[in-house]
Amino acid sequence: MPRKKDTLSTEFAFTLPRGLSDSEHRIHRHGVMRLATAKDEILVQQERRVQENPAYGVLVMLARVITRLGSLNSVSPDLLEELLLHDIAYLREFYNRINQQGDVHIPTQCPHCNTQFSVELELAGES
């Protein structure tokens, strides 16, 4: 019997509730975020803007781990400044979920038969 390979998902797709409007009024909602590394944490702390204003660290970290957003070739903290707060809250929650749990599923148990299974909870904006 072939052994099932252990795999580690490091990238996760997401859909922003509102999306980012670019200079041509195109909306970018679909993106991909990768897991953060220790190096990401270190480099964020070394960023001058983060040292001057620690709250800026969220944008710097998100810009490092978002590998794709719509048709944009790159994502920068300056670009993320244009997102609505609802989208920033979504990205923070999504970041925490994938980096703390390693996936977008949560374990649960049927209250009637006690069968254990996992479900994927949709965040606001995912459809």
Side-chain angles (χ1 to χ4, degrees):
M1 179 177 206
R3 185 174 160 190
K4 186 177 178 181
K5 289 184 177 181
D6 290 331
T7 59
L8 175 64
S9 296
T10 60
E11 291 191 330
F12 301 87
F14 64 84
T15 303
L16 293 174
R18 301 290 174 107
L20 178 70
S21 178
D22 65 18
S23 60
E24 298 175 5
H25 305 291
R26 293 177 299 190
I27 303 297
H28 303 274
R29 292 185 63 214
H30 303 284
V32 175
M33 183 182 295
R34 67 169 173 79
L35 293 176
T37 64
K39 185 176 182 178
D40 291 321
E41 292 282 345
I42 293 167
L43 292 176
V44 166
Q45 297 305 314
Q46 293 176 341
E47 175 77 30
R48 180 189 51 80
R49 291 183 285 187
V50 174
Q51 292 174 351
E52 293 173 358
N53 180 1
Y56 203 74
V58 171
L59 296 181
V60 174
M61 177 58 83
L62 289 174
R64 291 192 58 80
V65 297
I66 295 174
T67 59
R68 184 173 56 81
L69 181 58
S71 61
L72 300 172
N73 293 328
S74 65
V75 176
S76 69
D78 296 330
L79 185 70
L80 294 178
E81 286 179 357
E82 302 302 320
L83 285 174
L84 297 174
L85 288 179
H86 193 70
D87 286 332
I88 290 294
Y90 170 87
L91 287 172
R92 290 175 74 161
E93 185 174 337
F94 190 83
Y95 172 89
N96 287 334
R97 187 190 299 176
I98 67 171
N99 282 286
Q100 291 173 4
Q101 298 175 7
D103 64 26
V104 292
H105 296 88
I106 62 167
T108 189
Q109 183 174 352
C110 174
H112 303 291
C113 67
N114 293 328
T115 301
Q116 295 182 346
F117 57 97
S118 65
V119 296
E120 180 178 342
L121 292 180
E122 290 187 9
L123 296 172
E126 293 180 337
S127 55

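For the numbers below, each heavy atom of this structure counts, side chains included, while hydrogens, waters and symmetry mates do not.
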Separation between [atom1] of [X] and [atom2] of [Y], rounded to the nearest 0.5 Å:
X: D22; Y: E82; atom1: CG; atom2: CD; answer: 11.0 Å
X: R34; Y: F12; atom1: CZ; atom2: CZ; answer: 12.0 Å
X: T67; Y: E11; atom1: OG1; atom2: CD; answer: 4.5 Å
X: Y95; Y: M61; atom1: OH; atom2: CE; answer: 3.5 Å
X: T10; Y: L35; atom1: OG1; atom2: CG; answer: 6.0 Å
X: L69; Y: F14; atom1: CG; atom2: CZ; answer: 5.5 Å

A side-chain contact here means heavy atoms from C-beta on lying under 4.5 Å apart; do E81 and Y56 qualify? yes

So, do R18 and L83 sit near enough that their side-chain heavy atoms are less than 4.5 Å apart? no

Can you check whether R92's main-chain N or O pairs, donor with acceptor, with N96's side chain at less than 3.5 Å? yes

Tell me whether D87 contacts the main-chain N or O of L16 through its side chain, where contact means a donor paired with an acceptor under 3.5 Å. no

Of all heavy-atom pairs between [X] and [Y], which one has the smallest distance, and what is that distance?
X: R29; Y: G19; result: CG-CA, 3.7 Å
X: G70; Y: H28; result: CA-ND1, 3.6 Å
X: A13; Y: F94; result: O-CZ, 3.3 Å

Please lay out, stage by stage, how R49 and D78 fare under the test side-chain contact (heavy atoms from CB on, under 4.5 Å). CA-CA 11 Å; R49 291 183 285 187; D78 296 330; 2.9 Å; yes

By the definition side chain to side chain contact (heavy atoms under 4.5 Å, CB included), identify the one residue from L79, V75, L72 that meets it with I66. V75

